[in-house]
Protein chains: 2
Amino acid sequence: MALITKIKAYREKAGYKQNELAELVGARRETIVHLENGRYNPSLKLAMDIAKVFGVTVEELFEFTDEPEK
Amino acid sequence: MALITKIKAYREKAGYKQNELAELVGARRETIVHLENGRYNPSLKLAMDIAKVFGVTVEELFEFTDEPEK
DNA sequence: AAATAATGTGAAATATTTATAACTTTATGG
DNA sequence: CCATAAAGTTATAAATATTTCACATTATTT
């Protein structure tokens with residue numbers, strides 16, 4: 001399961017730094033880094049909080065593909 | 001943060017037992033029980049897999065309220 | 001009413017996410 | 001170029017989700 005996300009694109013479009021987005025959703029900057037780079041499968045709450053910041057659905061922001069992680 | 005979910009309503013409408021839904025999404029029956037009863041904040045992957053079974057969005061299926069859990 | 005199926009509970013073990021912190025690398029502005 | 005900001009990495013610890021298992025309760029069928 002590989003995670004594809006558009007967080008970085010939306011974040012830059014909105015003009016936020018990673019640390020600003022982190023603060024908006026009550027997470028650490030490193031967590032945002034890891035998510036933008038598809039490191040892991042976040043909690044539903046965090047995913048929804050981020051989607052809400054950008055006014056998009058979770059489905060628009062995240063997609064799982066079936067490839068087993070190498 | 002309290003989690004409200006419509007999993008049970010959709011599951012019954014679709015005619016699945018808890019163990020059948022669990023198998024469809026590769027989880028344990030007890031996990032479904034706990035989710036239906038709002039015990040915890042699932043992973044995004046699990047939430048999306050369940051939503052896909054019912055053909056609805058994650059937002060339609062799950063909602064977080066701000067009340068701190070008692 | 002008895003038997004069985006379905007749902008619920010809770011504890012212990014395991015897996016995974018998230019936080020924390022310290023450091024590196026890359027971009028950006030003076 | 002130099003200074004600083006922003007982004008990325010890695011390791012460890014802490015928190016939380018999920019599995020596993022064993023049993024309890026509630027519903028359903030005969």
Side-chain angles (χ1 to χ4, degrees):
Chain A
M1 102 191 113
L3 173 58
I4 307 296
T5 177
K6 298 177 184 158
I7 293 177
K8 182 170 190 166
Y10 274 103
R11 177 177 60 78
E12 291 177 341
K13 193 188 313 180
Y16 292 126
K17 308 300 179 189
Q18 289 177 337
N19 61 336
E20 295 171 329
L21 175 57
E23 184 163 21
L24 283 172
V25 300
R28 285 238 131 198
R29 181 185 61 83
E30 296 89 333
T31 300
I32 301 297
V33 174
H34 288 142
L35 279 185
E36 288 191 353
N37 296 321
R39 286 295 186 288
Y40 48 59
N41 172 16
S43 71
L44 176 61
K45 176 87 164 52
L46 179 55
M48 288 182 75
D49 285 349
I50 296 173
K52 187 180 298 180
V53 166
F54 301 129
V56 300
T57 62
V58 163
E59 285 82 0
E60 163 62 18
L61 207 50
F62 298 93
E63 179 187 359
F64 285 93
T65 67
D66 38 357
E67 287 95 49
E69 199 71 356
K70 75 143 188 339
Chain B
M1 94 182 126
L3 174 58
I4 307 297
T5 177
K6 298 176 184 161
I7 293 176
K8 183 170 189 165
Y10 275 102
R11 176 177 60 77
E12 291 178 341
K13 193 188 313 177
Y16 293 125
K17 307 300 179 190
Q18 290 177 337
N19 61 335
E20 294 171 329
L21 175 58
E23 184 163 18
L24 283 173
V25 300
R28 286 238 127 202
R29 180 186 63 83
E30 295 90 331
T31 300
I32 302 297
V33 174
H34 288 142
L35 280 185
E36 288 192 352
N37 297 319
R39 286 295 187 287
Y40 48 60
N41 173 17
S43 72
L44 177 62
K45 176 90 165 49
L46 179 55
M48 287 181 76
D49 285 349
I50 296 173
K52 187 180 297 179
V53 166
F54 301 130
V56 299
T57 62
V58 163
E59 286 81 1
E60 163 63 18
L61 208 50
F62 298 94
E63 178 187 0
F64 285 94
T65 66
D66 39 356
E67 288 95 50
E69 200 71 355
K70 77 146 183 338

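Per chain, numbering begins at 1; letters A, B, ... match sequence-line order.
Not a single donor-acceptor pair, N or O on each side, falls under 3.5 Å between the base of D:dG8 and the side chain of A:Arg39.
Rounded to an integer number of Å, the gap from A:Gln18 CD to D:dT9 P is 10 Å. The nearest whole Å value for the distance from the CD atom in A:Glu12 to the P atom in D:dA7 is 7 Å. D:dA6 atom P lies 15 Å from atom CD1 of A:Ile32, rounded to whole Å. Following rounding to the nearest Å, A:Ile7 (CD1) and D:dA7 (P) show an atom-to-atom distance of 13 Å. The interatomic distance linking B:Leu44 (CG) with D:dT16 (P) rounds to 19 Å, in whole Å. B:Glu30 has its CD atom 12 Å from the C1' atom of C:dA11, to the nearest Å. Separating the CG atom of A:Leu35 from the C1' atom of D:dA7 is a distance of 15 Å, rounded to the nearest angstrom. Taking atom NZ on A:Lys17 and atom C1' on C:dT26, their separation rounds to 13 Å, with Å as the unit.
Shown here is B:Glu20, whose CD atom has more than 12 heavy atoms of other residues, nucleotides or ligands within 6.0 Å.
Close to D:dT20, at under 4.0 Å from its OP1 or OP2, lies a side-chain N or O of B:Arg28. Regarding contacts with the backbone of D:dT9, a side-chain N or O of A:Asn37 is found under 4.0 angstrom from either OP1 or OP2. Taking only side-chain nitrogens and oxygens, A:Lys8 comes nearer than 4.0 Å to OP1 or OP2 of D:dG8.
In the set D:dG8, C:dG8, D:dT20, the nucleotide with an atom closest to the side chain of A:Glu36 is D:dG8. Of the candidates D:dA7, C:dG8, D:dT18, D:dT18 carries the atom nearest the B:Ser43 side chain, counting heavy atoms from C-beta on. With C:dG8, C:dT18, C:dA6 as the choices, the nucleotide that has an atom nearest any side-chain atom of A:Thr31 turns out to be C:dT18. Closest to the side chain of B:Arg29, out of C:dG8, D:dT20, C:dT17, is C:dG8. Nearest to the side chain of B:Tyr40, among C:dA21, D:dT19, C:dT18, sits D:dT19.
The residue among B:His34 and B:Tyr16 whose nearest nucleotide of DNA chain C is located toward the 5' end is B:Tyr16.
The heavy-atom pair separating B:Tyr16 from B:Leu21 by the smallest distance is CB-N, 4.5 Å.
In this structure, A:Lys6 fails the cation-pi test against A:Tyr10, since its NZ or CZ atom is not both closer than 6.0 Å to the six-membered ring centre and inside 45 degrees of the ring normal.
Between B:Glu59 atom CD and A:Leu44 atom CG the span is 8.5 Å, to the nearest 0.5 Å.
Between A:Asp49 and A:Lys45 the shortest side-chain heavy-atom distance falls below 4.5 Å.
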